[in-house]
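I have placed the structure first, in the form of structure tokens, so that the comments after it can refer back to it.
As the structure is a prediction and not an experimental result, all values here were calculated from the model. Position 1 is the first residue of the sequence; numbering continues from there.
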Amino acid sequence: MKRLVLLGGGHAHLAVLKSLAERPLDGWQVQLVTPFRRQIYSGMLPGWVAGHYAIDECAIALDALAERGRVALTVTACTDLDLSANTIACADGSTVPFDLLSIDTGPEPALHHLPGVLEHALPIRPIEGFVAAWPGLVDRIARQRHRFDLVVLGAGAAGVELALAIHRRALTEGWSHLRTTLIGSADLPLEGVAGRARHHLGQLLAQREIRWIGERRAVRFAPNRIDFTQGASVGFDACLAVTGAAAPAWPAAAGLATDPAGFIRVGRTLQATRHPHVLAAGDVAAYEDARPKSGVFAVRAGPVLARNLRALSRGDAPAPWTPQQRALYLISTGDERAVAAWGRWTWRGAWVWRWKDRIDRQFVARFGADTAAGG
Ligand SMILES: Cc1cc2nc3c(=O)[nH]c(=O)nc-3n(C[C@H](O)[C@H](O)[C@H](O)COP(=O)(O)OP(=O)(O)OC[C@H]3O[C@@H](n4cnc5c(N)ncnc54)[C@H](O)[C@@H]3O)c2cc1C
């Protein structure tokens, strides 16, 4: 029997697993290799920090989804790939063979250039690591009697949402001694998003007394201090590192074609440029039509990946895909309101939050137990 291995339980593989639950692949053994039994939906993580959701409401059970698709689950991470033997080396010491490989392992946190960061800061990824550590940080903030300085390093959508979510949590928990600082490399938060949304969020940070420090590039962490290429160091009691997406080292080391940052180059069929029996989607992939790293594109790639894996398993030609030009940004502001940005257009208010909340809950529910057999 031939073997299809799904590496990583990311957004695109959720659609593949759901498709397999609806219709198995004849004549193929399918195996999912991923380090956690559940997938936390990152879009709802700031809502969990703010206190709007319980963690179970943000989680998709990969083990149950795999079982419904008759997919064997191996709970470990890939550490290496051998493309001459077609095997994956795993963190638990096992070796997994494949005939067809699909990779959706997401990004690593962009921290390689920051000595000391892993010792002195809490990275947002892996998300399970953050989820495990956050209650301890909540406890430390609650117990400290004097001022507590919390720094969020990284001012993309995730960093901004987290800073605003923490502000909301501080209000509800009565942490009047908490001072939050958001630090980014551009002059305003949210580089790449339309100007009006950036200005609005900048104003919101100021109104909520979240200190904004722009145009800073961190170079090193010491205990309770970040140093920058220029400007004064910033001290902290705790720091969350939300510094964007980096590529894992193993795809390039294995000989897969990658872009200069190390992300796997794939053509329009999602097949790796030099290795057509390897497919990749989501943040780990560098699409032929380059797109920003965003859950939106990982989600959109899912049905395409499912169809093309099915076609390749039957010896049929896979179909090409062109990702949409733009992604809709829905940025929650911690107070059950949100800002939407679509190209130049911006909307905001409580209705935007209700819209985001509905989309996010529906996404998680789509992969839940009672919808597995549905369309
Ligand atoms: C706080 C936060 C909020 C965000 N909000 C949004 C948002 O609202 N909208 C949006 O579009 N984007 C958002 N993003 C970005 C979004 O999370 C990513 O773009 C998205 O997760 C990418 O999906 P993916 O499928 O590529 O990878 P992921 O969702 O990261 O999934 C990767 C999977 O692979 C597994 N894995 C990792 N390494 C290995 C390995 N070595 N071997 C095997 N398995 C492995 C992981 O455990 C995980 O199951 C947010 C990010 C954060 C941090």
Looking at R300, I want to see if its CZ is surrounded by more than 12 non-hydrogen atoms of other residues, nucleotides or ligands under 6.0 Å.
no
Kindly work out whether a path of hydrophobic side-chain contacts (I/L/V/M/F/W/Y, heavy atoms less than 4.5 Å apart) joins W48 to I331.
yes
Would you say that more than 12 heavy atoms from the other residues, nucleotides or ligands in this model lie under 6.0 Å from the CD of E336, or not?
yes
If only atom types and distance count, is the side chain of R217 paired as donor or acceptor with the main-chain N or O of T229 below 3.5 Å?
no
Result of checking L101, T273, L100 against V278 for side chain to side chain contact (heavy atoms under 4.5 Å, CB included)
L101
Just how far is it from atom CD1 of I210 to atom CD1 of I166, taken to the nearest 0.5 Å?
8.5 Å
If we ignore hydrogens and angles and just use 3.5 Å, is the side chain of R198 paired with the main-chain N or O of L190 as donor and acceptor?
yes
Answer whether the closest heavy-atom distance between the side chains of L312 and Q271 falls below 4.5 Å.
yes
More than 12 heavy atoms of other residues, nucleotides or ligands under 6.0 Å from CG of D26: yes or no?
no
Would you indicate whether the side-chain heavy atoms of Q39 and L65 approach each other to under 4.5 Å?
no
Find the distance between CH2 (W28) and NZ (K2) and round it off to the nearest 0.5 Å.
5.0 Å
Can you find a pair of side-chain heavy atoms, one from H199 and one from L188, that are under 4.5 Å apart?
yes
Heavy-atom side-chain contact between H200 and T346 under 4.5 Å
no
Hey, what else clusters with V352 if you join Ile, Leu, Val, Met, Phe, Trp, Tyr whenever side-chain heavy atoms sit under 4.5 Å?
L328, L330, W342, W345, W347, W351, W355, I359
dist D99:CG -> L4:CG (nearest 0.5 Å) comes out at 9.0 Å
P323 backbone acceptor or donor facing R291 side chain under 3.5 Å
yes
Evaluate the ring planes of Y41 and H11, with Trp represented by its six-membered ring, and classify them as parallel (under 30°), tilted (30 to 60°) or perpendicular (over 60°).
tilted
What verdict does the side chain to side chain donor-acceptor pair (under 3.5 Å) test give for H13 and S102, after you've listed the backbone C-alpha separation in whole Å, the side-chain angles of each residue and the deciding distance to 0.1 Å?
CA-CA 8 Å; H13 276 170; S102 178; 2.7 Å; yes
Would the distance check show the side chain of D283 and the main-chain N or O of S294 forming a donor-acceptor pair, the cut-off being under 3.5 Å?
yes
Would you say F367 and F36 are hydrophobically clustered, going by side-chain heavy atoms of ILVMFWY under 4.5 Å?
no
Are any side-chain N or O atoms of R265 and backbone N or O atoms of R274, one a donor and one an acceptor, separated by less than 3.5 Å?
no
Please check if L182 and I226 belong to a single hydrophobic cluster, counting links between Ile, Leu, Val, Met, Phe, Trp and Tyr side chain heavy atoms closer than 4.5 Å.
no
Quick one: list whatever passes side-chain hydrogen bond (donor to acceptor under 3.5 Å, both in side chains) with D63, sequence neighbours left out.
none
Donor-acceptor pair, T76 side chain versus D92 backbone, under 3.5 Å?
yes
Using the test ring-ring contact (aromatic ring centres under 6.0 Å, His included), find all partners of F263 that sit at least two apart in sequence or belong to another chain.
none
Inter-residue atom distance W321.CH2 - E288.CD, 0.5 Å rounding
12.0 Å
What verdict does the side-chain contact (heavy atoms from CB on, under 4.5 Å) test give for T105 and T34, after you've listed the backbone C-alpha separation in whole Å, the side-chain angles of each residue and the deciding distance to 0.1 Å?
CA-CA 8 Å; T105 50; T34 194; over 6 Å; no
Donor-acceptor pair, N308 side chain versus T269 backbone, under 3.5 Å?
yes
E119 atom CD, neighbour heavy-atom count above 12 within 6.0 Å
yes
Does Q144 have more than 12 heavy atoms from other residues, nucleotides or ligands lying within 6.0 Å of its CD?
yes
Within a 6.0 Å radius of atom CZ on R208, are there more than 12 heavy atoms belonging to other residues, nucleotides or ligands?
yes
Could you list the donor-acceptor pairs under 3.5 angstrom formed by side chains in residues 50-59, with sequence neighbours left out?
residue : atom : partner : partner atom : Å
H52     : NE2  : G334    : O            : 3.3
Y53     : OH   : D357    : OD1          : 2.5
E57     : OE1  : A54     : N            : 2.8
E57     : OE2  : R361    : NH1          : 3.0

Around atom CZ of R314, are there more than 12 heavy atoms of other residues, nucleotides or ligands at under 6.0 Å?
yes
Which pairs would a plain distance check flag for residues 152-159, meaning a side-chain donor or acceptor within less than 3.5 Å of a matching protein atom at least two apart in sequence or in another chain?
none

Minimum side-chain heavy-atom gap L204-L201 below 4.5 Å:
yes
Run the side-chain contact (heavy atoms from CB on, under 4.5 Å) check on L62 and L14 step by step: do they pass?
CA-CA 8 Å; L62 291 174; L14 295 175; 3.7 Å; yes
With a 3.5 Å distance limit and no angle check, can you tell me whether D104 reaches the backbone of A12 through a side-chain donor-acceptor pair?
yes
Side chain proximity check, L45 to F130, heavy atoms < 4.5 angstrom:
yes
Can L309 and L305 be said to form a side-chain contact (heavy atoms from CB on, under 4.5 Å), step by step?
CA-CA 6 Å; L309 289 171; L305 189 61; 4.0 Å; yes
Same apolar cluster: I183 and V117, side chain cutoff 4.5 Å:
yes
In the structure I gave you, are the side-chain heavy atoms of L270 and Y287 within less than 4.5 Å of one another anywhere?
yes
Which atom pairs, donor and acceptor, lie under 3.5 Å between side-chain atoms of residues 231-254 and protein residues at least two apart or in another chain?
residue : atom : partner : partner atom : Å
S233    : OG   : D227    : OD1          : 2.6
D237    : OD2  : D149    : N            : 2.6
T243    : OG1  : A110    : O            : 3.0

Checking L111 against F221 for the side-chain contact (heavy atoms from CB on, under 4.5 Å) test, could you report, in this order, the C-alpha distance in whole Å, the side-chain angles of both residues, the deciding distance, and whether it holds?
CA-CA 11 Å; L111 301 173; F221 272 71; over 6 Å; no
Verify, without hydrogens or angle tests, whether R344 (side chain) and A341 (backbone) share a donor-acceptor contact under 3.5 angstrom.
no
Looking only at atom types and distance, does a side-chain atom of W212 sit under 3.5 Å from a main-chain N or O of L205, one as donor and one as acceptor?
no
Joint hydrophobic cluster, V151 plus L122, side-chain heavy atoms closer than 4.5 Å
no
Do R310 and L20 have side chains that get closer than 4.5 Å, going by heavy atoms?
yes
